[in-house]
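All remarks here apply to the structure that follows.
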Amino acid sequence: MSGLELPNEIILEEIEDGLLVQQGGEAYVARNWCLSVPVVELVKVAIEAGLCWMIRNDHPRRNARWPNRRGVVYLAFSPSEHQQWSMAIDTIRPKSGDFGHGVFNGKYHEQFITRGLPFTFEKRNKGAGHLVVAREHVLPTLSALCDFDHRVLDLGRVERNHSGFATEYEIQGAILKHWGETPFATSHVIVQDEYPVDGGLNSRRIDVLAKDPRSGDWLVIEIKRAEANLDAVRQVEEYLLALGQKDEFAFGKLEGALIAERISVAVRDAALHAGIAAYEIEWPVVLRRVA
């Protein structure tokens, strides 16, 4: 098998250096990959699941694209050319043509848990919290992505054309994209969204973690769609307590902020008592401090 044409202008072609992936006038070499039966099945299942982009705007990097024959070691898939990658595989057995485990974007964590999909956290990049799926589960997991909300990969990247927030992810995305317009930007910079607190399989995740580069102080932001309840305040308190026990947070103060569309008087009082700032948010990113 020397070449394969697939939907969405994807063309795969075996060359001396590996597998030449072509799409939309761009191309790259997946080094040592080939058009084996398992690889073809992998690509077709990914496309059927809605991951129709193997070349994105910024992935692979321009200096790794064709005619650079060295290319990259992986095959990667995304729901669109603008979104973050959804799944990548960087291991291939040239003799058998079989691929290894898959690494799924950590922003799918909640949806993996809800659907009971098996995974472990990526050891080499614990901070990102990406999800490693064993070889035997890769294809079933890809098929399950048909029902996923891929908007979690939109954060800070896609402009909306209507008002209001449909999910917490959209509030999170608006804050990340318009950080400079928030009251936090005067002192803090974003460190990471979806920051894993525990590092275990079911790790709790901080919606936005920020830091004051001058003082070394940390800011934990918890986001709730619609109305926040008292549990949201306790959640921020637990995050602050957990981070306070880690060596990397030993210097600088730990502060918390709760953001929701509506915050009742009772929740405001609880936040004030806990020393947590509370903000109500309106579309697109108008924050009003209420505690």
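Keep in mind that the numbers below use all heavy atoms, side chains included, and drop hydrogens, waters and symmetry copies.
- There is a side-chain donor-acceptor pair under 3.5 Å between Glu194 and Gln172.
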Kindly determine whether Glu237 and Val233 satisfy side chain to side chain contact (heavy atoms under 4.5 Å, CB included), including the steps that lead there.
CA-CA 6 Å; Glu237 289 183 294; Val233 177; 4.3 Å; yes

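- A distance of 10.0 Å separates CG of Asp217 from CZ of Arg214, quoted to the nearest 0.5 Å.
- Judged by distance alone, with hydrogens and angles left aside, the side-chain atoms of His130 form a donor-acceptor pair with the main-chain N or O of Gly106 at under 3.5 Å.
- In the displayed structure, Glu248 atom CD is contacted under 6.0 Å by more than 12 heavy atoms of other residues, nucleotides or ligands.
- Between Leu42 and Leu142, the closest heavy-atom pair is CD1-CD1, 3.7 Å.
- Using a distance-only test at 3.5 Å, with no hydrogens or angles considered, no donor-acceptor pair links the side chain of Ser86 to the main chain of Ser78.
- Gln23 has its side chain out of reach of Ile11: every pair of non-hydrogen atoms, C-beta onward, lies at least 4.5 Å apart.
- Remark: Glu168 CD to Ile259 CD1 distance equals 11.5 Å, nearest 0.5 Å.
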Where do Arg56 and Glu26 land on the salt bridge (Lys or Arg N to Asp or Glu O under 4.0 Å) test, with the steps shown first?
CA-CA 9 Å; Arg56 301 195 341 260; Glu26 297 285 345; over 6 Å; no

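- Put simply, the side chain of His150 reaches to within 4.5 Å of the side chain of Leu145, judged on heavy atoms.
- Cluster annotation: Ile175 is not connected to Val189 through the hydrophobic network of ILVMFWY side chains, with a link wherever side-chain heavy atoms come within less than 4.5 Å.
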Please report the C-alpha distance between Glu227 and Glu261 in whole Å, then the side-chain angles of each, then the deciding distance to 0.1 Å, and finally whether the side chain to side chain contact (heavy atoms under 4.5 Å, CB included) criterion is met.
CA-CA 6 Å; Glu227 184 168 341; Glu261 293 177 277; over 6 Å; no

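- Distance alone, capped at 3.5 Å, is enough to place a donor-acceptor pair between the Glu14 side chain and the Leu35 backbone.
- Using modelled atom types and a 3.5 Å distance limit, the side chains of Ser80 and Gln83 yield a donor-acceptor pair.
- A side-chain donor-acceptor contact under 3.5 Å links Asn105 to the backbone of Trp85.
- Looking at heavy atoms from C-beta onward, Met54 lies in side-chain contact with Leu12 at the 4.5 angstrom threshold.
- Annotation: side chain of Val72 is not in contact with side chain of Val29 (no heavy-atom distance under 4.5 Å).
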Take Asn57 and His82, measure what side chain to side chain contact (heavy atoms under 4.5 Å, CB included) needs, and give me the verdict at the end.
CA-CA 6 Å; Asn57 287 350; His82 304 293; 2.9 Å; yes

Report the C-alpha separation of Thr182 and Tyr279 in whole Å, then their side-chain angles, then the decisive distance to 0.1 Å, and conclude whether the side chain to side chain donor-acceptor pair (under 3.5 Å) test is met.
CA-CA 11 Å; Thr182 69; Tyr279 295 83; over 6 Å; no

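- Of all the heavy atoms in Ala291 and Ala271, the pair that sits closest is CB-CB, 4.5 Å.
- A distance-only check finds no donor-acceptor pair linking the side chain of Asp269 to the backbone of Leu272 [under 3.5 Å].
- Under a cut-off of 6.0 angstrom, the local environment of CD in Glu136 is crowded, with over 12 non-hydrogen atoms contributed by other residues, nucleotides or ligands.
- With rounding to the nearest 0.5 Å, the separation of CD1 in Ile15 from SG in Cys34 is 12.5 Å.
- Under a cutoff of 6.0 Å and an axis angle of 45°, Arg135 and Phe99 form a cation-pi pair.
- One N or O on the side chain of Arg31 and one on the backbone of Arg70 form a donor-acceptor pair closer than 3.5 Å.
- Note that CD1 of Ile276 and CZ of Arg234 are 11.0 Å apart. Values are rounded to the nearest 0.5 Å.
- Salt bridge annotation for Arg262-Glu282: absent, with no cationic side-chain nitrogen under 4.0 angstrom from a carboxylate oxygen.
- Minimum interatomic distance between Val267 and Ala228 (heavy atoms only, all atoms of both residues): CG2-O, 3.4 Å.
- Rounding to the nearest 0.5 Å places NZ of Lys107 at 11.0 Å from CG of Leu131.
- For the residue pair Glu48 and Cys146, the shortest heavy atom distance occurs at O-SG, 3.9 Å.
- Across Ala27 and Leu20, no two heavy atoms sit closer than the pair CB-CD1, 4.0 Å.
- One finds no salt bridge joining Asp193 and Arg205 here, because no Lys/Arg side-chain nitrogen approaches an Asp/Glu carboxylate oxygen to under 4.0 Å.
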Take Arg93 and Lys95 through the test side chain to side chain contact (heavy atoms under 4.5 Å, CB included) and record every step on the way to the result.
CA-CA 6 Å; Arg93 302 177 182 90; Lys95 290 185 177 180; 5.9 Å; no

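- Side chains of Gln111 and Asp149 form a contact here, defined as non-hydrogen atoms less than 4.5 Å apart.
- No hydrogens or angles considered: nothing links the side chains of Tyr74 and Thr91 as a donor-acceptor pair under 3.5 Å.
- Two rings, from Phe104 and Phe119, have their centers 6.0 Å or more apart.
- Proximity of the aromatic rings of Trp218 and Phe249 is defined here by a centroid distance below 6.0 angstrom, and this criterion is met.
- Looking at Gln22, Arg65, Glu9 one by one, the single match for side-chain contact (heavy atoms from CB on, under 4.5 Å) with Ile55 turns out to be Arg65.
- Arg225 places no side-chain N or O within donor-acceptor distance of the main-chain N or O of Ile171, the cut-off being under 3.5 Å.
- The main-chain N or O of Ile223 is found under 3.5 Å from a side-chain atom of Asp207 such that the two form a donor-acceptor pair.
- Clustering ILVMFWY residues whenever any of their side-chain heavy atoms sit less than 4.5 angstrom apart, transitively, puts Ile113 in the very cluster that holds Phe121.
- Under the 4.5 Å side-chain heavy-atom criterion for Ile, Leu, Val, Met, Phe, Trp and Tyr, Val236 and Val191 are members of the same hydrophobic cluster.
- Here the OH atom belonging to Tyr239 is positioned 6.5 Å from the CZ atom belonging to Arg204, to the nearest 0.5 angstrom.
- Between Leu243 and Ile206 there is a side-chain heavy-atom pair separated by less than 4.5 Å.
- Under the 4.5 Å side-chain criterion, counting only non-hydrogen atoms from C-beta, Arg115 is in contact with Asp147.
- The distance between the ring centers of Trp179 and Phe184 falls below 6.0 angstrom.
- The closest donor-acceptor contact from the side chain of Asn8 to the backbone of Cys52 lies under 3.5 Å.
- Environment of CD in Glu110: sparse, with no more than 12 heavy atoms of neighbouring residues, nucleotides or ligands closer than 6.0 Å.
- Linking ILVMFWY side-chain heavy atoms closer than 4.5 Å, directly or via other members, places Ile10 and Trp53 in two distinct hydrophobic clusters.
- A centroid separation of 6.0 Å or more is found between the aromatic rings of Tyr28 and His59.
- Salt-bridge annotation for Glu280 and Arg288: present, with a side-chain N of the basic residue lying under 4.0 Å from a carboxylate O of the acidic one.
- When every heavy atom of Gly97 is checked against every heavy atom of Val39, the shortest pair comes out as O-CG2, 3.6 Å.
- With a 4.5 Å cut-off on side-chain heavy atoms, Phe77 and Leu75 count as touching.
- Cluster annotation: Trp283 is connected to Val285 through the hydrophobic network of ILVMFWY side chains, with a link wherever side-chain heavy atoms come within less than 4.5 Å.
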